[in-house]
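Structure first, then comments.
Here is the naming used below: chain letters follow the sequence lines, and residue numbers restart at 1 for every chain. None of the values given here were measured: they were computed from a predicted structure. All heavy atoms count here, side chains included; hydrogens, waters and symmetry mates do not.
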4 protein chains.
Amino acid sequence: VIAGPCSIESYAQFSETAQAVKKAGAAALRGGIFKMRTKADSFQGLGGEAFEIVKRVTQETGMPMVSEITDPRQVGALSEVVDAFQVGSRNMHNYELLKELGRQKKPVVLKRGFTAYLDEWISAAEYIEREGNSNIVFCERGIRTFERSTRNTLDLSAVPYIKQRCDFPILIDPSHATGVTELVPSMGLAAVAAGADGLLVEVHPRPENAASDGDQALDFEVFAKMMSSVEKILGALDRPIRTN
Amino acid sequence: VIAGPCSIESYAQFSETAQAVKKAGAAALRGGIFKMRTKADSFQGLGGEAFEIVKRVTQETGMPMVSEITDPRQVGALSEVVDAFQVGSRNMHNYELLKELGRQKKPVVLKRGFTAYLDEWISAAEYIEREGNSNIVFCERGIRTFERSTRNTLDLSAVPYIKQRCDFPILIDPSHATGVTELVPSMGLAAVAAGADGLLVEVHPRPENAASDGDQALDFEVFAKMMSSVEKILGALDRPIRTN
Amino acid sequence: VIAGPCSIESYAQFSETAQAVKKAGAAALRGGIFKMRTKADSFQGLGGEAFEIVKRVTQETGMPMVSEITDPRQVGALSEVVDAFQVGSRNMHNYELLKELGRQKKPVVLKRGFTAYLDEWISAAEYIEREGNSNIVFCERGIRTFERSTRNTLDLSAVPYIKQRCDFPILIDPSHATGVTELVPSMGLAAVAAGADGLLVEVHPRPENAASDGDQALDFEVFAKMMSSVEKILGALDRPIRTN
Amino acid sequence: VIAGPCSIESYAQFSETAQAVKKAGAAALRGGIFKMRTKADSFQGLGGEAFEIVKRVTQETGMPMVSEITDPRQVGALSEVVDAFQVGSRNMHNYELLKELGRQKKPVVLKRGFTAYLDEWISAAEYIEREGNSNIVFCERGIRTFERSTRNTLDLSAVPYIKQRCDFPILIDPSHATGVTELVPSMGLAAVAAGADGLLVEVHPRPENAASDGDQALDFEVFAKMMSSVEKILGALDRPIRTN
């Protein structure tokens, strides 16, 4: 389980969240440095200013860090603070970026394009692998459908579909998939029961004050409760939980 | 868990299936008598000829029977052999049929239209309830999306969404939702973990010979294995399984 | 071109609309008697009360009348007031209704289900034709997609697709397809240029006061202006306009 | 009207096509140099090798050239051979690329993401405009929907929707929108009638031998015939055609 805020806003916010998700059993941290936002005038992440925050928090908690890359020219700088690169849904088809990530060695969390066919997603992974990097983790985060009550529709059939075709692990991001805090825990449990290798969850100390995507973030209490049910399901199915 | 073949083909086929799903822990039987088929020249179900088969098999197994109704004029005749009516996905918007079912007393399993908004589905239930019948069970069976590798996309967020708004139970049909046998068991387990009250599963003695929808039916062995995992998850979450 | 209000509300409203659309060049009238509404407590049409209104208005204008049928048991009564039956989008998969319409002789305007594959639509027409009625007119009215700014997405490729496979004429309903008055005329012209055989348009004397779907109805002036452009395009392409 | 092959394959192929589309009335040339392909092992365009071909053909025909850019690092080199940059559907959300294009002066043809909301598309244009370049041309090329008979569904309501909100011109690409040669001309005419400012059409001397997307390219004869009908419709609507 990888958890953390949508955007890194300050040392206090990121540090508090990191301690809480570690205590609840998360194995790695997530947090946006460079954000992809639909509107040019929305908050775009702290960018380079977040680097020092990330270094301090990962050192203090001993947890690895995953963050999104949005431009092939960021590889060098971001490499110094993250342990794995995340390719966001909007960039799954950005093949120049994928090729650049294939030429370095850190793991790549490849989110599914919100409108990508399952087979296009597998093909996108091949762009990375062809350049020499086989350290790829899929992450399903919901697809766009006609349904308007949820932000996206989580396509859990991706889990067995990918497992039958690839050796790469697959995570589920129930936060973006639903866009509705109340629906996140059920979808997290469903993902684990479907066989997902992990979850990518947005957690924020005070979701109502988040600089981005507060509507889908869990607070610490709900996250801890979900983690406890996740452990029970894994126990029942004889699949051990990894904490790092 | 309600299980059985897509279509009732013969006494032997239905009886064998009923015994097998009973042994694996199913609480009720399903089986098509009148079928909704896209093509006018496809097999349309045995119709009235299936009535005697259903009577014998429900008596022998002591299990209740659910079957689809496709025309308001079938209510009388079907009432004599089924314990609950199923409204198929294509008829969720058939309000004249819903009103007719609201005027009788048996439970109605209301499948979600494969392109219905969640709120339209809730509104469809109101057509039944307004006429006096509150014995309604929702059943999500996948929605139409751009994805072409699966027949439909299972929208599991329906489970918590409906539970937060209605008191009616909700089932998941992982067979139609995926249309691919290999994906059915994972989606069944996911549904249970998401909080669904039950499953509606297509089971056939020899799926490869089925008169309809063989590509999504489970054989007896796979069904029994899935049931065993369902029980484990329910146990872990402290939710007891009902066997009738 | 078939035009008229979504629902028939009164003699005055229907008569005024009929005169206006006739003057602008429409060949037939439309108007809802039995309405399919998502919510059980929405206005459901005047039902039988509208029969006398329809008789008077069709006599006064000499125009044929098309109206929706929602239940196979309405065939007899509706036959006396309509010249053609319309099967609404929600009933395209209601095969029992289609079979019943196949057993009578009046033309059937078969709307595409808002989530039906083009090939399912052709198959639905076969349900009617198999019972003996070949007087079928297709009508595309928009499909459900992820886009949320319009009510539906008009799929104009249906026009050449159907024309290459069937001999039945095809109409376009730009009103339901967009759900936005301002977008209707452009889509009407586009439909004609794409080769559609006609349009089905919602027109209302005062759209802002309509009992249903006022947001997508044209007023008389905009309708007349669209008709004039339609004639220009048909003229340019050497396709004559039929006025009855 | 901008026309040309999906990919530039050779001087002979591009030159022959350019002469033919010029004769039929096209105002500008299109042709892929760097291609976005789903599969890493598909033909990815000639890349830099195509530069000389483009220079010769634009000089010979005097026609301006539009080609796709797939990486912010290509701006300098591509600038020397193209008169306008095209941002492909897969890159509409590639905001780093959009910002880079906003910092140079050539026009940008911004294709709609095949799963982008209309309002996201407008927001993407703002990324370019904010950096100083207001020379933007929208291009709708079909969206992903449940329909499987066509490659995409052309959303023509984009034309009036954009025109009511922005001052930028809008083109329609009927080739990608349908993916089926037989459907292209009707959709081209529909686009013009809907008010589109132009078309972007794939034309190939011998579509059946094309290195990419041959299934949707027009041959010279069909293209010339479509152009002649386009002129008739524009004439009827009193909108002059621009030939450069």
Can you tell me how far apart [atom1] ([X]) and [atom2] ([Y]) are? Round to the nearest 0.5 Å.
X      : Y      : atom1 : atom2 : value
A:L118 : B:E147 : CG    : CD    : 4.0 Å
B:F146 : A:F146 : CZ    : CZ    : 13.0 Å
A:S149 : B:I122 : OG    : CD1   : 8.0 Å
B:R148 : A:E120 : CZ    : CD    : 9.5 Å
A:T145 : B:R144 : OG1   : CZ    : 14.0 Å
B:D155 : A:N152 : CG    : CG    : 11.0 Å

Where does [X] contact chain A at under 4.5 Å (heavy atoms): side chain, backbone, both or neither?
X      : result
B:L154 : backbone
B:A191 : neither
B:T150 : side chain

**Prompt:** If we only count heavy atoms from C-beta on, is the A:S157 to B:T153 side-chain gap below 4.5 Å?
**Reply:**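 No, too far: nothing below the 4.5 Å cut-off.
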**Item:** Contact winner vs chain B - A:V180, A:D119, A:L156, A:T178, heavy-atom pairs under 4.5 Å
**Value:**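 Ranked by contacts with chain B, first place is A:L156.
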**Message:** Minimum heavy-atom separation for A:A194 and B:A190, please, with both atom names.
**Reply:**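 Heavy atoms only, the tightest pair is CB-CB, 3.9 Å.
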**Request:** Answer yes or no: does atom CD of A:E208 have more than 12 heavy-atom neighbours from other residues, nucleotides or ligands under 6.0 Å?
**Result:** yes
**Prompt:** Going by residue number, which parts of residues 161-176 of chain A are within reach of chain B, meaning a heavy-atom gap below 4.5 Å?
**Reply:**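 From residues 161-176 of chain A, the residues near chain B are A:Y161, A:Q164.
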